[in-house]
Amino acid sequence: MEPVNNEEQVTIDIDYNEIPVAANDDSVTNKPTDARFRIFTDNGMMKSEETTNNYNMVKDSFLLGMGTLAEETLIVAIHKNKSSTVTGEARLSSFQIFQEAIARKFSASDANVRYAWYGVAKDEIREILCHGFSRIGKAAGNGEKYGHGLHLSNSNFSIDSVLSSETDSNGLRHVLLCRVILGNVETVPAGSNQFYPSVKDYDSGVDNLALPSRYIVWSCSMNSHIYFTDIVSFKFPCYEEASTSNIAPPSSPLLRISTIVKIFSMYLDPLKMTLIYGFRNDLQAQRIPWNEFLQKVMEVAGVKLFNTMDPGNSGEQVTIDINYDEIPGADECNSELDARFRFFTDNGMFKIDEASNDYNAVKNSFLFGMGSLADQTRIVCMHKNLSSSLTGKARLNSFKIFQEAMARKCGDANVKYAWYGAAKDEAREILRHGFSRLDKAAGNGETYGHGVHLSNSKFSMDSVLSSEMDENGLRHILLCRVILGKMEMVPSGSNQFHPSVKDYDSGVDNLAAPRRYIVWGCSMNSHIFLSHVVSFRFPCYEGSTGSTVHSSLLRVSTTIKILSMFLDPPKMALIYEFVNDHQANRIPWSEFKQKVAEVSGGKLFSSILKLRGVSFFFLYSFAFFFAKIMEPGNNEDQVTIDVNYNEIPEADDSITNERNSGLDAQFRFFTDNGMVRTDESRNDYNTVKNSFLFGMRSLADETRVVSIHRNLSSSLTGKARLSSFKIFQDAMTRKCGGDGDANVRYVWYGAARDEIREILCHGFSRLGKTAGNGETYGHGLHLSDAKFSMDSVLASEMDGDGLRHVLLCRVILGKMETVPAGSQQFQPSVKDYDSGVDNLAVPNRYIVWSCSMNSHIYISHIVSFRFPFYEGSTSNSLPNSSLLRVSTIIKILSMFVDPLKMALIYGFLNDIQANRIQLSEFKQKVAEVSGGKLFSTLLKLRGHD
């Protein structure tokens, strides 16, 4: 709902250009620092005196936006951004440059700069002060998301950002007052998936053009178009001290009701408020109980807004049918914590009592799915997700938002309960960071595309087969709520990794009788919500490993019961015969295993045997494990590229009039966005070309550079980006000791043509793309060293004209830290670091975090090229074509794989050339030696599987 009675924005006459000196500035205090605000003062903020104009203007604006809650809100401190640090000065200068650029873009003196509020947790403020904004997609105060950007509240509506803030350990909340360059705004509807301007004429978003309450700044602009001026720290004495008990004295819930009703009155229209006032009167007169009051208010106000108002509220419990919204009060907390489950309780999980309905609902569902093994399975403990941590609340709110969005899209969000089996270490990862491991096989050993595989709630046995026994002899599986939306069938062995068409949302193994759900990587941390963890034993199976007949037969009986849950009756009839033969000593245990594997399928049988930790040589052909990819040898220092990026020449100095008067249509999207084609006779052209081909190594002779475009930075936004880059380069130089080295390098970035268009129009925004070798080094922007352009070529995509494109960029790296392959890092690990690298001694890949991607990277050139030897025939039946593709693959592999492995690969090459092996066998052997990720990346250059 939109807030009622929105007026013109409040005028806050703060001179954000002023950078006063602490010694003579009367707006700040030099009194001893309060420990509660150490993270502010250690990062360039200074406490404002209550007698100053700055303090009172910010205070008055904040309280005005609190409406009827103003008198109950206590401001504890206001800190002002002095921009006195090296990075702080750079941020302010960059903001001023972009403000001027936007003003000139619209041929006016107005860049549409507004004050806005941003509510955050204390930990996020530390990130922002140290590194800049990086967290996008947080919901607005009313629980809605308006695209994937940074949501800020109009200056006269601070309550909206207050609802996005979180109480810290001192009982304080904090909101940032920011200056925001909005430029030309467009409406972004609630639930939108937009992540940059819809067309290049727009700069930012707003929820309502006529009466804006929320501004949306896209990730490509969040660290150039936002400058925070002050931090307000405050208390809700009426709200933060209320009891959270579910059996509270009458005065406590009524106190919370008065606060909640005041907040609702700022969002809801008078007609709905009349209904809510009636419900309040009924509650006070004891005509309805507290739970009924909550239900009625939620129906009128809407679930999202209601949950935002009172996240500590607990609703009625239902069955599986479990109410995942319930967050029990403090009186339910454990008094004794079992050390075996410390990693659950330390990460927001809560042990539930065996007498509760919740426990029995989950237990019954789990044992039902165990089939004939139920009576031999012992549940040891069950934990529930309270969503009480900062991250936990965010995940729950995000899940609800996506559930509602899916319901609007499909009419039914198709939310199901599902099981997920995991090792203890993976469960720990999920609790702390979310789901990250794709491609785990389902319980039967099959993979249904590259996604997260979950089991139908009626078939827990499938996830049990994916679990692993821990050091205490326990196994653990997760019960999850899953938003499935519209499902499509994904066959076993598929290489699918996202919906085949945009109408679909998830996958399933069988539409008529689903046993396995597949949630794609793009949705795994928004469409899955962890509800419970069940810890259990297989007393029948986890026991003796001895060689006695009794032990062997016990294992056989268990194996048969599991197989009967997967196989059809004819196959089971054969297996029962093998059981009889084994029990009668007609066949030994080893032969029994081999016969069962042949009938049931090696993958399923292997999964069952892994429950005991046993592996057998005859099953190896069903799967191979990829070796870690070796880094390319013979790495030298970075190639010197003497391109003067400071130069912004006139048109006749950089291009030929002839070329620009008759521009190729295939490069129109470059030239329409400030790039100019460089003449082949220029030093500029040859320097870039030589560097690119040097990085292609043995493929240089077969690579044809078609065109090179240069960034003239001639547009208003282009000039602003260049000026901003220089400011941050200078700031980094001073930060690193002023010795003249900000550690600025040339790097390559491979992209599809559509992504390049986005970058030229709006800036970088796509994170998490893998490097050329198929690995990800944290959630940031991956760029390749100047001497290793081949790595970025592997990340590029061929366009409709048969061309590929890579960007040559200047990047400010500052102080680098090693980021290992597969890392989940998304910002510097400590504030002393600025960027990441795969290897400090011999770097091939640099990682720039989202908070720096549009201030520390400057596009210099775009190289467009062809692989004429590689983009040709796709026939597998032409020997010449096949050998040509093989020779290309070998050359690329030689850049990544060490000599010992290459010797094996050359042997495979000789075998295929002599027709001793087929192409399919050659590919399998090469994949085994080189590593599946790298080999898969190479084949994608042709679109092969």
Side-chain angles (χ1 to χ4, degrees), residues 16-22 39-46 79-101 125-134 176 178-179 181 219-229 231 644-646 648 713 717-747 763-764 780-781 783 809-817 827-837 846-860:
Y16 71 96
N17 291 312
E18 181 188 9
I19 308 177
V21 179
I39 63 166
F40 300 160
T41 53
D42 284 353
N43 287 283
M45 306 296 293
M46 297 193 77
H79 287 76
K80 182 177 182 179
N81 185 2
K82 305 299 294 179
S83 300
S84 55
T85 64
V86 171
T87 305
E89 290 178 9
R91 288 174 181 161
L92 177 59
S93 298
S94 175
F95 179 83
Q96 292 169 335
I97 288 168
F98 278 95
Q99 179 178 350
E100 183 180 351
I125 292 179
R126 181 186 291 111
E127 294 173 14
I128 294 169
L129 292 174
C130 291
H131 311 298
F133 293 93
S134 61
L176 307 183
C178 306
R179 295 272 290 177
I181 304 168
S219 61
C220 53
S221 306
M222 63 187 177
N223 284 298
S224 57
H225 288 49
I226 304 175
Y227 172 75
F228 62 89
T229 64
I231 302 176
N644 185 1
Y645 73 97
N646 292 314
I648 306 179
S713 302
T717 304
K719 288 178 181 177
R721 288 175 181 163
L722 177 58
S723 298
S724 176
F725 180 83
K726 293 177 183 177
I727 287 168
F728 279 96
Q729 179 177 351
D730 181 60
M732 186 66 74
T733 300
R734 287 187 287 152
K735 175 190 171 187
C736 296
D739 57 1
D741 184 16
N743 196 11
V744 179
R745 304 282 181 101
Y746 275 100
V747 295
F764 291 93
L781 217 64
L783 304 107
C809 306
R810 294 273 289 178
V811 59
I812 303 166
L813 294 169
K815 188 174 182 182
M816 303 182 295
E817 64 179 314
Q827 63 187 32
S829 59
V830 295
K831 67 178 182 179
D832 291 338
Y833 291 122
D834 306 289
S835 60
V837 67
Y846 304 112
I847 302 92
V848 177
W849 309 115
S850 63
C851 52
S852 306
M853 63 186 179
N854 284 299
S855 58
H856 287 49
I857 304 174
Y858 172 74
I859 301 169
S860 171

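Keep in mind that the numbers below use all heavy atoms, side chains included, and drop hydrogens, waters and symmetry copies.
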(message) If I take atom CD from residue Glu127 and atom CD1 from residue Ile125, how far apart are they, to the nearest 0.5 angstrom?
(response) 10.5 Å
(request) Looking only at non-hydrogen atoms, find the nearest pair between Ser219 and Asn854 and report the distance. (result) O-ND2, 3.9 Å
(request) Look at the side chain of Glu817 and the backbone N and O of Ser829, then say whether any donor-acceptor pair between them is shorter than 3.5 Å. (result) yes
(message) Check this for me: does any side-chain nitrogen of one of Asp730 and Lys726 sit under 4.0 Å from a carboxylate oxygen of the other?
(response) no
(request) Have a look at Ser835 and tell me which of Asn743, Leu813, Ile847 forms a side chain to side chain contact (heavy atoms under 4.5 Å, CB included) with it. (result) Leu813
(request) Determine the sole option in Ser723, Ser724, Ser855, Ser224 for which the side chain to side chain donor-acceptor pair (under 3.5 Å) test with Ser94 is passed. (result) Ser724
(message) Pair Phe95, Arg179 - check side chain to side chain contact (heavy atoms under 4.5 Å, CB included), show working.
(response) CA-CA 9 Å; Phe95 179 83; Arg179 295 272 290 177; 3.7 Å; yes
(message) Show the nearest heavy-atom pair for residues Ile39 and Leu129, with the distance to one decimal.
(response) O-CD1, 3.6 Å
(request) For the pair Phe98 and Ser221, evaluate side chain to side chain contact (heavy atoms under 4.5 Å, CB included) and give the outcome as yes or no after the intermediate values. (result) CA-CA 10 Å; Phe98 278 95; Ser221 306; over 6 Å; no
(message) If I take atom CD1 from residue Ile231 and atom CE from residue Met45, how far apart are they, to the nearest 0.5 angstrom?
(response) 4.0 Å
(message) Rounded to the nearest 0.5 Å, what separates atom NE2 in His225 from atom SG in Cys220?
(response) 8.0 Å
(request) Check whether any side-chain heavy atom of Tyr846 lies under 4.5 Å from a side-chain heavy atom of Ile857, and answer yes or no. (result) no
(request) Provide the closest heavy-atom pair for Phe728 versus Ile812 in the form atom of the first, atom of the second, distance. (result) C-CD1, 3.8 Å
(message) I need the Cys178 SG to Ile128 CD1 distance, nearest 0.5 Å.
(response) 7.5 Å
(request) Can you spot which of Asn43, Asp832, Asp42 makes a side chain to side chain contact (heavy atoms under 4.5 Å, CB included) with Cys130? (result) Asn43
(message) Before you tell me yes or no, could you show the steps for Tyr227 and Ile181 under side chain to side chain contact (heavy atoms under 4.5 Å, CB included), namely the whole-Å CA-CA distance, both residues' side-chain angles and the distance that decides it to 0.1 Å?
(response) CA-CA 9 Å; Tyr227 172 75; Ile181 304 168; over 6 Å; no
(message) Let me confirm one number: the OG-CD distance from Ser83 to Glu89, rounded to the nearest 0.5 Å.
(response) 7.5 Å
(message) Working note: Tyr858 + Val744, criterion side chain to side chain contact (heavy atoms under 4.5 Å, CB included); need CA distance, chi angles, decisive distance, verdict.
(response) CA-CA 11 Å; Tyr858 172 74; Val744 179; over 6 Å; no
(message) What's the separation between atom CD1 in Ile859 and atom CG in Leu722, rounded to the nearest 0.5 Å?
(response) 12.0 Å
(message) Whether the side chain of Asn81 engages the backbone of Phe228 through a donor-acceptor N/O pair (distance < 3.5 Å, no angle test) should be reported.
(response) yes
(request) Could you pull out all residues at least two apart from Asp834 that satisfy side chain to side chain donor-acceptor pair (under 3.5 Å)? (result) Lys735
(message) Measuring only between side-chain heavy atoms, which start at C-beta, is Lys815 closer than 4.5 Å to Pro828?
(response) no
(request) Could you tell me how the ring of His79 sits relative to the ring of Phe40: parallel (under 30°), tilted (30 to 60°) or perpendicular (over 60°)? (result) perpendicular
